[in-house]
Amino acid sequence: MSCTGNLVWDVNKRLIGYSEPNSIRTNYLGRREFVQRLKLEATLNVHDGCVNTISWNDTGEYILSGSDDTFLVITNPYNKKVKKSIRSGHRANIFSAKFMPHTNDQEIISCSGDGIIYYTHTEKSPEYNRQCQFTCHYGTAYEIMTVPNDPYTFLSCGEDGTVRWFDLRTKTSCTKEDCKDDILINCRRAATSISISPLVPYYLAVGCSDSSVRIYDRRMLGTRATGNYTGRGTTGMCVRFVPAHLSNKSCRVTSLCYSEDGQEVLVSYSSDYIYLFDPKDDQARELKGPSEERREELRQPPVKRLRLRGDWSDTGPRARPESERERDGEQSPNVSLMQRMSDMLSRWFEEASEAQGSRGTRPQTRPRGESSVAPSRHTVPSVGSEAAGSSGESLSPPATSSALTTTSSTNNTSSSATMTGSRSGAAEPVLSLHYSSEGTTTSTIKLDFTDECPSAPARAGSSSEGHGAVSGPQERSQLQGAEDAEDTSGGCRRAEPTAAEGQCGRGPQWRGPLSPEWEGQSQSQSQSQSQRSAAARIQELFRRRKERREMEESETQNIRRPSVKMVYKGHRNSRTMIKESCFWGNNFVMSGSDCGHIFIWDRHTAEHLMLLEADNHVVNCLQPHPFDPILASSGIDYDIKIWSPLEESPSFNRVLADEVITRNELMLEETRNTITVPASFMLRMLASLNHIRTDRQEGDRSEGSGQENEDEQ
């Protein structure tokens, strides 16, 4: 009997209760012909923003989704009807939402870029639900994870480096300031993804921004609320996985997933690939680290390029690498304003780097303060960002010069360059660019407008606000935020692994030239900021010492260090903070991509088997149906797509797939060291430059009029 005949018969047996509900998934998801027959079955247009999270209920009857529009929507994907649309209390983009198990799909946990977690009951009033919030995380809360068969407890992870465990039987809200009651693990690095073993749910995998995946035994952990919190990051840790070539890099984990049997873990890295490892393996302990030459090479600051948030020209099925566009002489007549501004910024930065390289000196700038914002998680095409943060930004321009800072994240390197704001006059200010990633979890780009001489000190009056962010004289801002943070603003699960600057509905507040009273306030703010900066440096020093001690302890403890079992390549994961990868049955692995496609590989050989065009920009979320061979996907587009094996024959185009894979490799390399900054970054820079020029022109006019008065006398 044919495969189709078998499927029809098995479906009928399941309908009459003759076979287990999971039998179809077990028998058919492992067949290559089913994977290569996947076809778009339905499109659910239920949101007005990027869809950042999707999840099936236990029966596979409904899909829960969360979006930049801050709505939680429960949809029946088969008849496309919305069962419930809930205006959540979130003020920022929703990044994760899950049904609580065994609650009849009436209780939902969700988190967002403002760090707030909401416990929502679908049958209660909005006023009641708004009171059920947990404000314990500072910085973005990235993911919610429920515990199998447990309707009372859930876990969360966030930019503050903590994994928290909440029990709804003890409290349904918490607004305590600087709350530490529910901290289960303090990773001291941004915790960006978590996953629980489906068969042994006390094993908890945590992905961090330092390239590590740590697996803990929750039976050995506790919180202050339960009275057995230890505070040590190595307590309960039984596995620590880091790919060898990432051991000295900070590469963000964008997705973690256990296999159905809990025997293997799939981990996806930003600006890198997808890796499979066995938690029981311990072979990597014997591997040698990189040589001293390699370490020195890793410390060398790479050439940085700038891109404006909102420039999505390098995403989607029609994106092409720069080398290919230059070779073909392709000039698109529809180049967006954001893309043109990105090109301008890149040219400025390249020219500044070349100028600094030829000079061989480093500009000495002494800003009184820097403007910083907390990073977060995804983006919207209209807002065009890769970060959705929880704090706004404010900038007070100085009378003579300005320091503009945008948070970013890459490897621990620093570089600086200078360039003139204009080549026309000798009196033009000099634009000094400095890039560094020495912060706790993010790095900074600092732009100072100084005098003509690069060594002249620059003055800058600005305020620094953000979660754990403090800036001061001669110091780059250090944010408790996303390391390798992707820009996470305004919208979806897009984010830039090399840049992070978040906004929460508020744009930059430009206050104009400083009046005398503002100048006085700015000086007092600068002094208090200096004190906070000193405290932040001390705090960072203690954090690093504690982290080193814990790492030394882990060397002597029985912590397994598995090696890479399989690597899956071909996709591109550089533009967004979350790029979900998952298992499809027992034989396949799939992932979203910046090229707008869904990639499917053979789990055991890493052979590429299928390519599906699923978004106009980026595919971020993939969620297989719990029983049937059905897949739900979402991304930058404002919809959810449902895929089923409806093609009459396998439809995999190997030639097209090879072309896409080749382009992705080129573009991944091109964007590996690209830093995404918000449009306000350029606007503030240009406004400051114009302000300096205006002041100088007024000064020249006043000098000229004074000289004329002297001549008349």
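Sequence positions, counted from 1, serve as the residue numbers for this chain.
The residues D594 and K579 are annotated as salt-bridged, a charged nitrogen and a carboxylate oxygen being separated by less than 4.0 angstrom. Using a 4.0 Å cut-off between charged nitrogen and carboxylate oxygen, D639 and K641 count as a salt-bridge pair. Taking the charged nitrogens against the carboxylate oxygens, D182 and K171 do have a contact shorter than 4.0 Å, which makes a salt bridge.
To the nearest 0.5 Å, atoms CD1 (I54) and CG (L64) are separated by 10.0 Å. Remark: I578 CD1 to S255 OG distance equals 7.0 Å, nearest 0.5 Å. A distance of 6.0 Å separates CG in D105 from OG1 in T59, rounded to the nearest 0.5 Å. Once rounded to the nearest 0.5 Å, the distance linking OG1 of T120 with CE of M100 reads 12.0 Å. For the atom pair CG (D68) and SG (C50), the distance works out to 4.5 Å, reported to the nearest 0.5 Å. L38 CG to E33 CD: the interatomic distance, rounded to the nearest 0.5 Å, is 11.5 Å.
The two residues C111 and I117 have their closest heavy-atom pair at CB-CG1, 4.0 Å. Contact detail for V35 and M610: the closest heavy-atom pair is O-CG, 3.6 Å. Scanning all heavy atoms of the two residues, the minimum distance from P77 to W56 falls at CG-CZ3, 3.7 Å. Taking each heavy atom of T192 and C157 in turn, the nearest pair found is C-SG, 3.9 Å. Residues R37 and P650 share a closest heavy-atom pair of NE-CD, 3.7 Å. Nearest heavy atom pair, residue L44 against residue K80, reads CD2-CG, 3.8 Å.
Listed for the R224 side chain is a donor-acceptor partner under 3.5 Å among the backbone atoms of K180. Judged by distance alone, the side chain of D615 and the main-chain N or O of H617 form a donor-acceptor pair under 3.5 Å. Under the 3.5 Å distance criterion, the side-chain polar atoms of S593 are matched with a main-chain donor or acceptor of C595. Looking only at distances, a side-chain donor or acceptor of S634 sits under 3.5 Å from a matching main-chain atom of V51. Remark: the backbone N or O of Y138 is paired with a side-chain donor or acceptor of D160 at under 3.5 angstrom. Within the 3.5 Å criterion, the main-chain N or O of Y638 finds no donor-acceptor partner in the side chain of H47. A distance-only check finds a donor-acceptor pair linking the side chain of T135 to the backbone of C174 [under 3.5 Å]. The backbone N or O of F71 sits less than 3.5 Å from a side-chain atom of D69, completing a donor-acceptor pair. Proximity of a side-chain donor or acceptor of S85 to a complementary backbone N or O of V73 within less than 3.5 Å is not detected. E613 contributes no side-chain N or O that, together with a main-chain N or O of G596, makes up a donor-acceptor pair within less than 3.5 Å.
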Could you walk me through whether L646 and L40 pass the side chain to side chain contact (heavy atoms under 4.5 Å, CB included) check? CA-CA 8 Å; L646 300 178; L40 182 63; over 6 Å; no
Stepwise side chain to side chain contact (heavy atoms under 4.5 Å, CB included) test for L276 and V589: CA-CA 10 Å; L276 183 72; V589 165; 5.6 Å; no
Carefully, step by step, assess T576 and N620 under the rule side chain to side chain donor-acceptor pair (under 3.5 Å). CA-CA 8 Å; T576 64; N620 286 319; 2.9 Å; yes
Test side chain to side chain donor-acceptor pair (under 3.5 Å) on N573 and T254; report intermediate values, then the result. CA-CA 9 Å; N573 178 10; T254 63; 3.0 Å; yes
For a ring-ring contact (aromatic ring centres under 6.0 Å, His included) check, start with the C-alpha distance between H625 and W643, then their side-chain angles and the critical distance, and finish with the verdict. CA-CA 10 Å; H625 190 278; W643 306 83; over 10 Å; no
Given M590 and S581, is the side chain to side chain contact (heavy atoms under 4.5 Å, CB included) satisfied, shown in steps? CA-CA 6 Å; M590 56 177 55; S581 58; over 6 Å; no
Give the C-alpha distance, both sets of side-chain angles, the deciding distance and a yes or no for ring-ring contact (aromatic ring centres under 6.0 Å, His included) between Y269 and Y275. CA-CA 8 Å; Y269 284 96; Y275 298 90; 5.7 Å; yes
Test log, rule side chain to side chain contact (heavy atoms under 4.5 Å, CB included), inputs V660 and L611: CA-CA 9 Å; V660 173; L611 187 73; 3.9 Å; yes
Check the pair F599, H608 against ring-ring contact (aromatic ring centres under 6.0 Å, His included), reporting the backbone distance first and the verdict last. CA-CA 7 Å; F599 282 74; H608 186 232; 5.1 Å; yes
Starting from the C-alpha separation in whole Å, work towards a yes-or-no answer on ring-ring contact (aromatic ring centres under 6.0 Å, His included) for F166 and F134. CA-CA 9 Å; F166 299 92; F134 299 86; 4.8 Å; yes
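Atom CZ of R87 sits in a sparse spot, with 12 or fewer heavy atoms from other residues, nucleotides or ligands closer than 6.0 Å. Enclosure of atom CD in E648 is not indicated, since only 12 or fewer non-hydrogen atoms of other residues, nucleotides or ligands lie within 6.0 angstrom. In Y152, the OH atom is not crowded: 12 or fewer heavy atoms of neighbouring residues, nucleotides or ligands sit closer than 6.0 Å.
Looking only at atom types and distance, the side chain of T153 has a donor-acceptor partner in the side chain of D150 under 3.5 Å away. No donor-acceptor contact under 3.5 angstrom links the side chains of T70 and N93, judged on distance only. Side-chain contact annotation: S193 with E143, donor-acceptor N/O pair under 3.5 Å present. Counted by atom type alone, Q133 and Y119 present zero donor-acceptor pairs between their side chains at under 3.5 Å. If you check the side chains of S259 and E264, you find no donor sitting under 3.5 Å from an acceptor. Looking at S67 and N52, their side chains never bring a donor and an acceptor atom within 3.5 Å of each other. N129 and H121 form no side-chain donor-acceptor contact under 3.5 Å, judged by distance and modelled atom types alone. Side-chain contact annotation: T162 with N186, donor-acceptor N/O pair under 3.5 Å absent.
Within the 4.5 Å cutoff, the side chain of V213 has heavy atoms near those of the L256 side chain. Taking the side chain as every heavy atom from C-beta outward, E580 and S268 never approach each other to under 4.5 Å. Contact check for I144 versus T53: no side-chain heavy atoms found under the 4.5 Å cut-off.
Y202 does not carry R218 over the face of its six-membered ring by the limits of under 6.0 Å from the centre and within 45° of the normal.
Between K83 and the options I74, T122, T75, a side chain to side chain contact (heavy atoms under 4.5 Å, CB included) holds for only I74.
Evaluation of the salt bridge (Lys or Arg N to Asp or Glu O under 4.0 Å) test over residues 130-139, restricted to residues two or more places apart or in two chains, returns E127-R130.
Under the ring-ring contact (aromatic ring centres under 6.0 Å, His included) criterion, Y258 pairs with no residue, sequence neighbours left out.
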